[in-house]
Each structure stands twice: as C-alpha cells, then as structure tokens.
Amino acid sequence: MAKAEANSPGAGANGTSDKAASRPAPAVSAAGAAVSGADQLRGRKAALFAWLIPGAGHFFLGRRGRGAAMAACVAGCLLTGLLIDGRLYALSEPAPLFRLGAWGELGLGPLFFLLRLLGLAYDAHSPLALAPTSGNGAVFLISAGLMNYLMALDAYDLAIGRRR
Amino acid sequence: MLRDHLIQIVLYSLFAGGFFAVRRGGDRAAIYKRTAKYAGWMAGLALAIGWLMLATG
C-alpha cells in the first residue's frame with residue numbers, strides 16, 4: 001500500500017521529492033504500519049530457520065501448531081517422493097528444466113545435500129537405473145522443496161505481522 | 001499401475017491441499033473444509049488431464 005502511494009504520480013507534488021518517491025518503500029504489516037528493524041531481523045531469522053529445517057521458523061515464532069501442520073505436509077511429500085524413488089536433480093544438470101527442478105528441490109535446505117550425500121535418492125551419478133516412478137517422485141520432491149520456500153516466506157510474513 | 005497413479009494423485013492432493021489450507025489460516029474446521037476443497041480440485045484436475053492424455057494417446 002505504501003509502495004503504491006510512493007510510486008503514484010501525485011507523490012512528488014505532495015511535498016516529497018522524486019528521489020524519495022523512487023526509494024524502495026519500507027516493509028509494512030497487515031495493518032499498514034511500518035515494520036521495525038527488530039521485527040524484520042526476527043522475520044529473516046525465522047525464514048532462515050524455516051529453510052534449514054522445515055517447520056523450525058514457525059516454532060521459532062511460537063506458532064507450533066501451524067508449523068507442525070505445514071511441516072507434516074512437506075514431510076509427507078518428501079517421504080512419498082523418496083519411497084517411489086524420486087530423482088534428486090543436480091544444479092549442474094545439462095538440461096535447463098532439470099536445473100530448475102534442482103532449484104525447486106533446493107528448497108529442502110540442508111536435507112537436499114544430505115539426501116545426495118547419503119545416496120538416499122536417485123541422481124545422475126547413481127549406479128542404479130532410474131525407476132519408472134522416478135519422474136513422479138521427482139515432482140513430489142520438487143513440490144516439497146517449493147512448499148518449504150513458501151513456509152520460509154510465511155514465517156517471515158508472520159514475524160513482521162503481514163499475516164496472522 | 002493405474003492404482004499406483006491414483007494413490008499418488010490422492011496423496012499429492014492431500015499434502016498440497018492441506019499445506020495451502022493451513023497457510024490460509026482459520027480454525028480447525030475451516031482448515032479441514034479447505035483441505036477437502038483444494039484437494040478435490042487438484043485431484044479432479046489431475047484426473048481430467050490424465051484422462052485426456054490417455055484418450056489422446
């Protein structure tokens with residue numbers, strides 16, 4: 001809301017300079033109030049924790065029920081993907097779409113690297129042939145990663161009061 | 001094979017539907033209701049697309 005006002009054509013005419021109008025607007029809460037630096041820092045921490053361990057960001061903010069429910073959905077997707085031999089893509093895949101898949105799966109945070117290191121999921125270097133369900137499994141894994149990105153954003157929004 | 005796909009569709013719809021329902025917020029009853037709604041839409045679309053793919057070879 002504040003950003004829209006700052007970028008409106010009339011903003012400069014109301015006493016604010018063009019330079020001020022072009023400056024990025026501060027983060028605002030759901031109520032439209034500017035967010036303090038401490039809350040933004042807390043939000044960034046929550047987002048980082050959420051990316052590192054699914055659900056941790058919400059636990060950090062004291063929203064245990066919400067965090068547990070969302071983490072259960074991510075975990076369910078992840079486990080189903082692993083059970084049906086979902087493929088873990090590498091960031092260095094030659095095919096661009098596979099690289100996009102890797103960026104999606106990277107949403108799982110350290111789990112992505114752990115799964116690769118432990119060889120718990122199929123990847124390009126796996127000595128085993130890909131299972132017929134690997135494509136479907138990869139969709140589950142990518143979805144789990146993308147949902148975890150959303151969890152991190154959700155934790156940030158909760159911390160700054162943009163979402164309740 | 002078809003059974004496996006159906007199980008996958010149901011699981012995927014429930015996980016994704018549940019996730020977005022929780023993200024939307026509200027009380028427990030509202031979350032369950034939204035989960036059913038989102039999962040139903042997702043499963044329906046997946047089945048429709050699957051049927052189209054099978055029908056068109």
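In what follows, every chain begins at residue 1, and chains take the letters A, B, ... in the order their sequences are listed.
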Are [X] and [Y] connected, step by step, through hydrophobic side chains (Ile, Leu, Val, Met, Phe, Trp, Tyr) whose heavy atoms are closer than 4.5 Å?
| X | Y | value |
| --- | --- | --- |
| B/Ile9 | B/Ile7 | no |
| A/Trp51 | A/Leu41 | no |
| A/Leu91 | A/Leu118 | yes |
| A/Met70 | A/Leu79 | no |
| A/Leu114 | A/Phe112 | yes |

**Request:** State, to 0.1 Å, how close A/Cys73 and B/Gly18 come at their nearest heavy-atom pair, and which atoms those are.
**Result:**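 Shortest heavy-atom contact: SG-C, 3.7 Å.
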**Prompt:** How far apart are the closest heavy atoms of A/Met151 and B/Phe19, and which atoms are they?
**Reply:**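 That closest heavy-atom pairing would be CG-CE1, 3.5 Å.
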**Request:** For residues A/Leu150 and B/Phe20, determine if any side-chain heavy atom of one lies less than 4.5 Å from a side-chain heavy atom of the other.
**Result:** yes
Just list the donor-acceptor pairs under 3.5 angstrom between chain A and chain B, please.
{"residue": "A/Arg66", "atom": "NH2", "partner": "B/Arg23", "partner atom": "O", "Å": "2.9"}
{"residue": "A/Asn136", "atom": "ND2", "partner": "B/His5", "partner atom": "ND1", "Å": "3.4"}
{"residue": "A/Asn136", "atom": "ND2", "partner": "B/Gln8", "partner atom": "OE1", "Å": "2.6"}
{"residue": "A/Ser143", "atom": "OG", "partner": "B/Tyr12", "partner atom": "OH", "Å": "2.6"}
{"residue": "A/Arg163", "atom": "NH1", "partner": "B/Arg23", "partner atom": "O", "Å": "2.9"}

Donor-acceptor pairs are to be reported for all side-chain atoms of residues 96-109 of chain A against protein atoms at under 3.5 Å, with residues two or more places apart or in another chain.
{"residue": "A/Arg99", "atom": "NH1", "partner": "A/Glu93", "partner atom": "O", "Å": "2.7"}
{"residue": "A/Arg99", "atom": "NH1", "partner": "A/Pro94", "partner atom": "O", "Å": "3.4"}
{"residue": "A/Glu105", "atom": "OE1", "partner": "A/Tyr89", "partner atom": "N", "Å": "2.8"}

**Asked** Quick check: are there more than 12 heavy atoms from other residues, nucleotides or ligands sitting under 6.0 Å from CD1 of A/Ile53?
**Response**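 Atom CD1 in A/Ile53 is not packed in, count stays at 12 or less.
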